[in-house]
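For reference, the structure I am asking about is given below.
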Amino acid sequence: MTATVTPTSNLRAPLRHFLQFKDFSRDEIDYLFRRAALIKRKFKNYEPHLTLHDRTLAMVFEKASTRTRVSFEAGMYQLGGSVIHLTTGDSQLGRAEPIEDSAQVISRMVDLVMIRTYEQTKIERFAANSRVPVINGLTNEFHPCQILADIFTYIEHRGSIQGKTVAWIGDSNNMCNTWLQAAELLDFTVHVSTPPGYEVEPERAGLASGHRLVQYADPMQACAGAHLVTTDVWTSMGFEAENEARRAAFADWCVDADMMAQAAPDALFMHCLPAHRGEEVTAEVIDGPQSVVWDEAENRMHVQKALMEFLLLGRQ
């Protein structure tokens, strides 16, 4: 098959960033899901989709990653673009240069920047000084690309998530915060169960009202009737010093077959990976018939391709 380049306009779409899930409207998120479905279908049929020919993505990693790097890098190449991989160890980002200066320089040489870092304020400072779109590949506070992939995966398997219930079991971390933002935007409910002392902080989650959040002390109650049960590691990057304390505190928050039995009969299980079987989830669940974690992981690439295309070209 001969690869053909899809003609694109020389004009760049108006400058937008994707730093939190709520940065986009419901209509824009729905468009991304439709576009991701088309892009994925073409990928499965070996049909070229080179809408970002001759565009360059800079990926900046302060936090290491497997899925984020592979999904963005492979995705950009599949769109016809190129990728520059930067870490704090091989650039001025890890030295004395201000973030603002790095943003000014990098954004004059590339078309798009993805950053995976610690504090949300870092990516916000970079975006404020960038001439090109900036994507949040993960911060301590939010993980919007992962939730895009998770909801897209739910839609593939079960249809619209509107009106459904998602059970979040474990730490009220960046994933939990982003699920809550998505629930307010897309009209579904999140049942959250955390150990004492690890509850959701509405201000940190950036919620408009919190009307889509229901908190439970008992994870079994949180799972009752849920259409999707999801979790994450108990100790996120940057919190390794708390590992032993967290393992003790979260012992009763391991998603197992009994929890899944409380959920709706056709409930799905998701995990953003990497997973620790026997800690936050049992092998029986993550490797069982209700688990869609591998579809979920692959879908990072497809929704991110739709996202990059949208930020650079607008609606197609």
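Sequential numbering from 1 along the given sequence is applied to the chain's residues.
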- [ ] For the residue pair L112 and R55, establish whether any side-chain heavy-atom pair is separated by less than 4.5 Å.
- [x] no

Open item on the list: For E119, I'd like to know if atom CD has over 12 heavy atoms of other residues, nucleotides or ligands within 6.0 Å.
Closed with: yes

Open item on the list: Can you confirm whether the side chains of R26 and Q162 place a donor and an acceptor under 3.5 Å from each other?
Closed with: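 Judged by distance alone, the side chains do pair up.
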
Task: Contact check, side chains of L38 and R34, non-hydrogen atoms, under 4.5 Å - done: no

- [ ] Using the ring pair (Phe, Tyr, Trp, His ring centres under 6.0 Å) rule, collect all pairs that involve residues 203-235, keeping only residues at least two apart or in two chains.
- [x]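 Pairs touching residues 203-235 that pass the test: H191-Y216, W234-F250.
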
Open item on the list: Among residues at least two apart in sequence or on other chains, which ones pass side-chain contact (heavy atoms from CB on, under 4.5 Å) with A149?
Closed with: Q146, N299, R300, V303

Task: Atom CD of E203 with >12 non-hydrogen neighbours under 6.0 angstrom - done: no

- [ ] Could you tell me whether the side chain of D187 and the main chain of A183 form a donor-acceptor pair under 3.5 Å?
- [x] no

Task: Residue pairs fulfilling ring pair (Phe, Tyr, Trp, His ring centres under 6.0 Å) with at least one residue in residues 57-86, sequence neighbours excluded - done: F61-H85

- [ ] Report the residue from R16, R315, R35, K22 that forms a salt bridge (charged side-chain N to carboxylate O under 4.0 Å, His left out) with E28.
- [x]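 Between E28 and the candidates, salt bridge (charged side-chain N to carboxylate O under 4.0 Å, His left out) is satisfied uniquely by R16.
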
- [ ] Could you tell me the separation between the CG atom of N129 and the CD atom of E100, rounded to the nearest 0.5 Å?
- [x] 5.0 Å

Open item on the list: Counting C-beta onward and ignoring hydrogens, is there a side-chain heavy-atom pair between M308 and P133 closer than 4.5 Å?
Closed with: no

Open item on the list: Any non-hydrogen side-chain atom of N136 less than 4.5 Å from a side-chain atom of I115?
Closed with: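 Not touching, per the 4.5 Å side-chain cut-off.
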
TODO: Sort out for me which residue in T231, D232, V200 forms a side chain to side chain contact (heavy atoms under 4.5 Å, CB included) with C176.
DONE: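 Result: among T231, D232, V200, V200 is the only option passing the side chain to side chain contact (heavy atoms under 4.5 Å, CB included) with C176.
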
Open item on the list: Return the CD1 to CG distance between I123 and L19, rounded to the nearest 0.5 Å.
Closed with: 5.0 Å

TODO: Apply ring pair (Phe, Tyr, Trp, His ring centres under 6.0 Å) to H271 and list each qualifying residue two or more places apart in sequence or on a separate chain.
DONE: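 H271 satisfies ring pair (Phe, Tyr, Trp, His ring centres under 6.0 Å) with no other residue.
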
Open item on the list: Can you list, by chain and residue number, the hydrophobic cluster partners of L15 when the side-chain cut-off is 4.5 Å?
Closed with: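 Direct or chained contacts put L15 with none.
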
TODO: Could you tell me whether the side chain of D23 and the main chain of Q20 form a donor-acceptor pair under 3.5 Å?
DONE: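 Checking the backbone N and O of Q20 against the side chain of D23, a donor-acceptor pair under 3.5 Å is found.
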
- [ ] Test K305 against every option in L79, L32, T51, L52 by the side chain to side chain contact (heavy atoms under 4.5 Å, CB included) rule and name the one that passes.
- [x] L79

TODO: Output yes when a side-chain donor or acceptor of T230 lies under 3.5 Å from a complementary backbone atom of M270, and no otherwise.
DONE: yes

- [ ] Check step by step if side chain to side chain contact (heavy atoms under 4.5 Å, CB included) holds for S172 and E201.
- [x] CA-CA 8 Å; S172 60; E201 301 173 22; 5.8 Å; no

Task: Test item: S71 side-chain N/O and M301 main-chain N/O as donor-acceptor pair under 3.5 Å - done: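 Checking the backbone N and O of M301 against the side chain of S71, no donor-acceptor pair under 3.5 Å is found.
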
Open item on the list: Give me each pair satisfying ring pair (Phe, Tyr, Trp, His ring centres under 6.0 Å) with a member in residues 19-43, each pair once, sequence neighbours excluded.
Closed with: F18-F24, F24-F310, Y31-F310, F43-H302

Open item on the list: For R247, I'd like to know if atom CZ has over 12 heavy atoms of other residues, nucleotides or ligands within 6.0 Å.
Closed with: no

Task: Any V113 side-chain heavy atom under 4.5 Å of I135 side chain - done: no

